[in-house]
Amino acid sequence: MKTALDSLNQGHWFKLICGASYEYIPTIRNLALVYTLAGADCIDVAADPAVIRAAQEGIRVATSLGAIAQAKGFLYRQTPILMVSLNDGEDPHFRKAFFEASQCPTDCHRPCEQVCPVDAISLTGVLREHCYGCGRCLPVCPSRLIESRFYVSTPGAIAPTLHQLGIQGIEIHTQVGREADFSRLWQAIAPYQQQLQILAISCPDGDHLLDYLHHLSQIVQSFRGTLIWQTDGRPMSGDIGAGTTHAAIKLARKVLKASLPGAVQLAGGTNDYTVSKLRSQNLLKTSANQPYIAGIAYGSYARSLLLPILDSLNPNLPDLELYPHLLWEGVQLADHLVSQLKRGLI
Ligand code: SF4
Ligand code: SF4
């Protein structure tokens, strides 16, 4: 039987990013359910026990429906790898917007609410669980009331919990110049690495990026699982428009040239246009000897496809499988994205 890691080796690894700071449990559970049935290889969530359990529950329900999904022609093949995201320093993926609603002028036409892609802003302020830190509300407030509140992972506390919860993949978000912080985080994780199948390192572009990534590969050289280099082109932007995918592809080309040990996977701005762009630039796997993009992670775009369905559910009965017609409609939408990458490669 094929495993999720086979998809990586064959160049059609599909990862769903639920959001490093997204904590809205019903949606995370349903996203994990739908994308597992559609054939996702990996689901990446916040390092929070309640969020992890919600994703595990979604995957468990999907597994019980897997035979039906296959009979309907969807790409469900196996249980996806559950990954959690950690950070070694300040990072836009690990922040929440905040403002004091009592300070808002009564005549404000509330552009913050209009620009938020996940309805995280209410009359009382930012709904913390819903906010995933995209930052789109920050510049639109005419009164400059909205601020970012960043947080950094505390690995000493998190690592044992991740071990207990059976997490198989960890992603570390880093930036050029943070060798010492990265190393500290890795030292806390390393005692538990036997359980990990995947270590992903996510980094945006920057001066001396390739030297930095080579240095990181030395720091984690004891890791015996699969290493993924996630090229974070334009973070959390895939739902904005077609052009956001270019930054991720450009960065991936650069990282591919570095011949780092491990696979290269796109993120940050990925959307409906990403696969066709990769194909047109001959970056998907077509022969054994050619450097290729091993996979794609989809975040805001993948979530935005499903939000109209998920938002329509009765909040008192939020489990999507209770509405079979909506469940399979959602899987069909997710399949449109997953099969773009996998079609012709499996
Ligand atoms: S626009 Fe983005 S940062 Fe602002 S509240 Fe919504 S999700 Fe959070
Ligand atoms: S735009 Fe600024 S002032 Fe207006 S409702 Fe939003 S946070 Fe308050």
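Note that ligands are numbered from 1 as they come in the structure, with each ligand's atoms numbered from 1 the same way.
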Undergrad: Which atom pair, heavy atoms only, marks the closest approach of E90 to V152?
TA: N-CG2, 4.2 Å
Undergrad: Check each atom of ligand 2 against the heavy atoms of P105 and keep those under 4.0 Å away; list them by number with element.
TA: 3 (S)
Undergrad: Just the protein N/O/S atoms under 2.8 Å from atom 6 (Fe) of ligand 1, please, no waters.
TA: C116 SG
Undergrad: With heavy-atom distances below 4.0 Å as the criterion, list the atoms of ligand 2 near C141.
TA: 1 (S), 2 (Fe), 3 (S), 7 (S)
Undergrad: Clusters formed by hydrophobic residues whose side-chain heavy atoms approach within less than 4.5 Å: which one holds V140, and what are its other members?
TA: V115
Undergrad: Looking at G135, which atoms of ligand 1 are within less than 4.0 Å of one of its heavy atoms?
TA: 2 (Fe), 3 (S)
Undergrad: Check whether any side-chain heavy atom of Q193 lies under 4.5 Å from a side-chain heavy atom of S222, and answer yes or no.
TA: yes
Undergrad: What do we get for C108 next to ligand 2 when only non-hydrogen atoms under 4.0 Å count, side chain, backbone, both or neither?
TA: side chain
Undergrad: Report the nearest protein non-hydrogen atom to atom 8 (Fe) of ligand 2: residue, atom name, distance rounded to 0.1 Å.
TA: C104 SG, 2.3 Å
Undergrad: Is the contact between I146 and ligand 2 made by the side chain, the backbone, both, or neither, using heavy atoms and a 4.0 Å cut-off?
TA: side chain
Undergrad: Going by the ring pair (Phe, Tyr, Trp, His ring centres under 6.0 Å) test, which pairs reach into residues 251-286, not counting sequence neighbours?
TA: none
Undergrad: So which protein heavy atom does atom 5 (S) of ligand 2 come closest to, and at what separation?
TA: R110 NH1, 3.3 Å
Undergrad: Are any non-hydrogen side-chain atoms of S153 and H173 less than 4.5 angstrom apart?
TA: no
Undergrad: Please identify which of these residues, I240, L307, D239, meets the side chain to side chain contact (heavy atoms under 4.5 Å, CB included) condition with S300.
TA: D239
Undergrad: So, using salt bridge (Lys or Arg N to Asp or Glu O under 4.0 Å) as the criterion, who are the partners of R178 when residues are at least two apart?
TA: D88
Undergrad: Test of understanding: clusters of I, L, V, M, F, W, Y form through side-chain heavy atoms closer than 4.5 Å, transitively. Do Y298 and Y132 belong to the same one?
TA: yes
Undergrad: Look up atom CG in L196 and atom CD in Q168, then write down how far apart they are to the nearest 0.5 Å.
TA: 9.0 Å
Undergrad: Quick one: which ligand 2 atoms are inside 4.0 Å of a heavy atom on P111?
TA: 1 (S)
